[in-house]
Every structure is written in C-alpha cells, then in structure tokens.
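To keep things clear, I will list the structure first and then write my remarks on it.
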Number of protein chains: 2
Amino acid sequence: MSDSDTSVVSRLRKLIGEGAFRQGERLGEVAVAEQLGVSRTPVRLAFRTLEQEGLLQRAGKRGFRVREFTEADVLCAVEVRGALEGLAARRLAEQGMSPALTAELEFWIQKGRDLLAKGYLEEQDVEVWSELNRHFHENIVGSAGSSVIGDAIARNNHLPFAAADSIIIDSEALDREYRKLQLAQVQHELVVQALRHGEGARAEMLMREHALIGLRYAELLDVGRHAPSG
Amino acid sequence: MSDSDTSVVSRLRKLIGEGAFRQGERLGEVAVAEQLGVSRTPVRLAFRTLEQEGLLQRAGKRGFRVREFTEADVLCAVEVRGALEGLAARRLAEQGMSPALTAELEFWIQKGRDLLAKGYLEEQDVEVWSELNRHFHENIVGSAGSSVIGDAIARNNHLPFAAADSIIIDSEALDREYRKLQLAQVQHELVVQALRHGEGARAEMLMREHALIGLRYAELLDVGRHAPSG
DNA sequence: AAGTGTTGTTTTGGATCCAAAGTAGATATC
DNA sequence: GATATCTACTTTGGATCCAAAACAACACTT
C-alpha cells in the first residue's frame with residue numbers, strides 16, 4: 001500500500017540478505033524501529049511478512065530471530081525451485097504452448113544467443129542476462145495454468161540464495177561466467193525444444209537440472225578452463 | 001505470541017476456508033475487526049500473514065480481497081505438494097534412513113495395517129487415520145535434511161484444499177473411503193520399501209502419485225465398487 | 001544448597017488518535 | 001451531454017499510549 005509499508009519489509013529483507021544481523025540474532029521491535037527511523041507499527045507488520053517468507057523465525061514466546069541457514073538449506077532451496085519450475089514446465093508441455101508463448105520464449109532465447117554471440121562477456125552484459133533469464137523463467141511459470149506454482153516459487157525465492165537470478169555473483173572471472181551462461185543458454189534452448197514437442201518428462205527434468213547450475217557446475221567450469229591450456 | 005494474535009489469523013483462516021466470505025470479496029480492516037470483536041491492529045497483522053499464505057490478495061492500492069481459487073488452482077496445489085514431498089522422499093532415499101526413522105515409519109505403517117485389518121471403516125477410524133497419515137508424511141518431510149522443504153509444504157498447505165489430511169471428506173460413503181485408504185496404505189508401504197532400498201527415483205515417483213489420491217482416484221474407486229456387483 | 005516465590009524490568013500485544021491517500025459523487029464548464 | 005475538477009467521505013498507514021505477558025534477578029523458605 002504505502003511506500004514505507006512495503007519498504008520496511010524490503011529494507012529489512014535487504015539487511016538480512018546482506019548479513020547485517022548475525023544468524024540467529026534476536027530482533028527487537030523497538031531496536032529495529034529506531035534503526036530504520038520508523039515507529040514500531042510498520043516493523044511489527046513487516047516481521048509477520050518476513051516470518052512467512054522464512055527469513056525470520058519466532059523466538060519462543062517472545063519476539064523473532066534471524067533464521068539460520070545451513071549449506072543443506074541452500075541446496076534444498078535450489079532443489080525446491082527446480083522441482084517447482086520442473087512441475088510448471090511439465091504441465092506446460094502437456095497442455096501445449098500457445099503460439100504467442102512460443103514466440104515470447106523464442107524472443108528471449110534469441111536475446112541470449114545475441115548476448116553470447118560475441119564470444120565473451122562484458123560487465124554490463126550481466127544485467128542483460130539477468131533480465132532475459134527472469135523473463136524466460138517467469139513466462140514458463142506464469143503459463144502453467146495456475147498462479148499457485150508461481151506463488152510457491154516466489155515464496156521460495158525470498159530466501160536470498162534461492163532465486164534464479166542469483167546465478168551470477170563473480171563479476172571478476174567473466175570468462176568463467178561466460179561458460180556458465182553458455183550452458184544455461186543451451187539448457188534454455190533444450191527446455192523450449194522439449195516444450196514445443198510436448199515432452200513433459202524431458203522438459204521437467206531439464207528444468208530441474210537447470211536450477212542446479214549455480215551450485216553444482218563449479219568444478220565442471222574450472223575443468224573446462226584448464227583443459228585447453230593443458 | 002499472545003493468543004489473540006495467532007487466533008485472529010486462524011479464525012480468519014477458518015472463516016475463509018469455510019467460505020464465510022465470497023471469493024474475491026474485499027475485506028476492510030474495520031469490518032473484520034468488528035466482526036471478530038478486536039481492534040484494527042491484530043487484524044492488520046493477520047492480513048499480512050494471510051497475504052503471504054496466499055489466502056488474501058492485495059486489492060490494488062487499497063486493502064485486501066479474498067483470493068479466488070479455480071479448479072486448476074486446486075489441482076496445482078496438490079501437484080505442488082506431490083512435487084515437494086517427492087523431492088523430500090528422493091533426498092531421504094539417497095542419504096539413507098536411520099534405523100530410528102525406519103522404525104518410526106514402520107510403526108505408523110503397522111498402525112495403518114491394524115486400522116484396515118478388520119475389513120471395513122468406522123466413523124472414529126477417520127481421526128485415527130488422519131493422525132497416522134500426518135505422522136507418516138511429517139516424518140519423511142522432516143528427515144529430508146533441511147526444513148526448507150517442510151516450510152514450503154507448510155505454506156502450500158495453508159491453501160485449505162491442498163493439505164494431505166484433506167483426503168477424507170465423505171464420511172457417508174465409508175466403504176468407498178475404506179478402499180481409498182487401502183490404496184493409500186499400499187502407497188505408504190511402497191514408499192517405505194523404496195526408501196529402505198535407497199531407490200530415490202521410485203520413492204519420489206510414488207510419493208508424487210500418492211498426493212493425487214484425493215483428486216484423481218474417484219472414478220477408479222467407483223469402478224471398484226460396481227465391478228463385483230456386475 | 002536447592003528450589004520456589006516474589007518483584008521489577010523489558011518487551012510485546014491491543015486500542016486509539018491523527019494524518020495521508022484514495023474513491024466516489026457532485027458541480028461546473030466546455 | 002460529456003468531461004474535468006473539486007470536495008466530501010472512506011479507508012488505510014504510522015505513532016503513541018496502556019495493559020499484559022515474559023524473563024531475570026533476588027530473596028526467602030525448607
């Protein structure tokens with residue numbers, strides 16, 4: 001509704017994501033309110049929202065604390081996104097794609113091809129990829145016939161490390177990121193191929209695997225870099 | 001925290017689930033507050049929680065409205081639960097089950113056998129099954145190595161028709177429900193079998209199918225009833 | 001010495017007040 | 001007659017006040 005209502009939520013979300021609070025730290029309403037320069041009311045509202053998002057946990061009978069995340073949680077959150085996006089892809093393949101949706105997906109696929117065509121990655125390309133990646137995923141999830149899947153994914157994505165566009169972090173090693181995006185692009189194209197052919201199981205499996213690219217492809221990419229020089 | 005804080009949430013949740021409000025109806029803070037006999041403050045807090053749970057939607061710039069659910073939403077919510085519980089089962093199968101967990105699952109399986117052994121269903125058996133079913137599912141989801149999956153399922157289950165124990169509605173046709181529970185029992189046993197053997201893919205698939213029992217098994221059960229008499 | 005009861009402090013929950021934003025209705029103007 | 005603007009009313013957001021619950025420290029009793 002008003003700016004500050006949602007803004008307190010997103011400001012807190014940002015602070016938590018940045019690690020401004022220790023994991024498990026207890027958050028008092030007054031302390032946070034003073035820190036953000038607002039009264040207790042919007043903070044109280046925000047705490048309820050953040051609790052549901054999974055970023056805060058009730059601390060016993062009184063107050064909230066910052067949710068602690070293990071490495072297993074991170075992996076699980078990514079797998080959850082994969083499972084849900086895979087479900088969306090399977091449903092979409094089974095119900096068939098509209099020409100408009102096919103064209104839309106092809107458009108973003110082409111954008112990816114264009115981006116990677118020059119053979120390397122520049123700093124500003126990261127933002128472009130993030131955009132097209134977001135559109136690609138949102139189009140698939142949003143066309144699965146019900147907003148329930150999309151809502152579940154959105155809730156999962158509130159965990160800062162689970163979102164699809166958290167692929168890119170390392171803007172130092174751009175050559176390495178380039179190879180990662182090449183793989184992501186191939187996966188995108190294969191997903192669309194499977195969707196067009198109505199191959200539900202394949203679309204689901206590809207989408208699920210695609211979710212893991214940010215976590216499990218690290219060694220693969222390093223091997224790829226060393227092989228040509230060795 | 002206090003009773004009424006959570007109680008306003010659950011009272012509203014119940015009212016919405018019972019259809020006390022029309023789908024899409026706009027909910028004003030003052031109106032609801034008066035109806036529940038509290039002030040606006042706890043209602044405002046509850047609205048934020050219910051929004052995150054997916055039961056309320058923001059109505060443009062002002063206020064909230066009751067979320068409208070289509071039949072596709074119901075099916076999707078059940079499939080989402082299946083996908084997530086399937087993911088939990090696969091992870092559990094791959095990481096291996098502790099002896100304690102195996103014993104626990106066997107315990108609830110045996111309870112199910114006992115319940116169905118007499119060959120028919122009584123009114124009070126429904127509650128017993130609901131209990132053991134809940135324990136069975138919670139044990140699997142809670143042992144998947146991270147609470148992230150369980151949280152996602154819990155959020156999904158806030159949709160009143162999506163929860164696992166919404167299997168049973170029809171306490172009139174107890175013979176029909178008996179056959180349904182027989183199938184559910186078989187599925188439970190097969191899931192445990194797959195889990196014990198570390199068959200991740202099979203466990204996942206079985207769990208996913210199991211989620212559909214409340215929706216997709218209707219005709220099958222009717223056929224089963226008519227076949228012996230024809 | 002251990003456990004229990006009491007008191008004081010801290011923190012949250014609920015109610016109310018005020019301001020701001022939004023909506024609708026009416027009037028005036030083109 | 002239609003559109004635009006102004007005004008009055010409705011509804012929500014933010015701040016503050018008060019009460020109640022929880023936690024901690026201390027003292028008292030057994």
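Excluded from the calculations below are hydrogen atoms, water molecules and symmetry mates; all remaining heavy atoms, backbone and side chain alike, are included. Protein chains get the first letters and strands the later ones, always in sequence-line order, with residue 1 at the start of each. Treat the numbers as computed from the prediction; the structure is a model and nothing was measured.
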For this session: Compare every heavy atom of B:F161 with every heavy atom of B:A77, then report the nearest pair and how far apart it is.
Result: CB-CE1, 3.8 Å
Exercise. Without hydrogens or angle criteria, can the side chains of A:S130 and A:N133 be said to hold a donor-acceptor pair below 3.5 Å?
Worked result: no
Seminar exercise, completed: Rounded to whole Å, CD of B:E34 lies from C1' of C:dT16 at a distance of 14 Å
Problem set entry | A:R44 side chain near D:dA15 phosphate (N/O to OP1/OP2, under 4.0 Å) | no
For this session: Answer yes if the ring centres of A:W129 and A:H135 are under 6.0 angstrom apart, and no otherwise.
Result: no
Exercise. A:R11 CZ to D:dG14 P: how many Å, rounded?
Worked result: 11 Å
Exercise. How many Å lie between CZ on B:R40 and C1' on D:dG14, as a whole number?
Worked result: 10 Å
So which protein nitrogen or oxygen atoms get under 3.5 Å of nucleotides 5-11 of chain D's nitrogens or oxygens?
from, atom 1, to, atom 2, distance (Å)
D:dT10, O2, B:R62, NH1, 3.4

Problem set entry | Trace of the side-chain contact (heavy atoms from CB on, under 4.5 Å) decision for A:V8 with A:L45 | CA-CA 9 Å; A:V8 168; A:L45 294 169; over 6 Å; no
Exercise. Does some side-chain heavy atom of A:R91 sit less than 4.5 Å from a side-chain heavy atom of B:L75?
Worked result: yes
Exercise. Between B:H210 and B:H137, how do the two ring planes meet: parallel, tilted or perpendicular, split at 30° and 60°?
Worked result: parallel
For this session: Please determine if a side-chain N or O atom of B:T41 lies less than 4.0 Å away from the OP1 or OP2 oxygen of C:dG14.
Result: no
Exercise. Counting side-chain heavy atoms from C-beta on, which of C:dG13, C:dT23, C:dA15 comes nearest to B:K61?
Worked result: C:dT23
For this session: Would you kindly give the CG-to-C1' distance between A:L45 and D:dG14, to the nearest whole Å?
Result: 9 Å
Problem set entry | Residue met sooner reading DNA chain D from 5', once A:A59 and B:F47 are mapped to nucleotides | B:F47
Problem set entry | Contact under 4.0 Å: A:R58 side-chain N or O vs C:dT12 OP1/OP2 | no
Exercise. Rounding to a whole Å, what distance do you find between A:R65:CZ and C:dT11:C1'?
Worked result: 16 Å
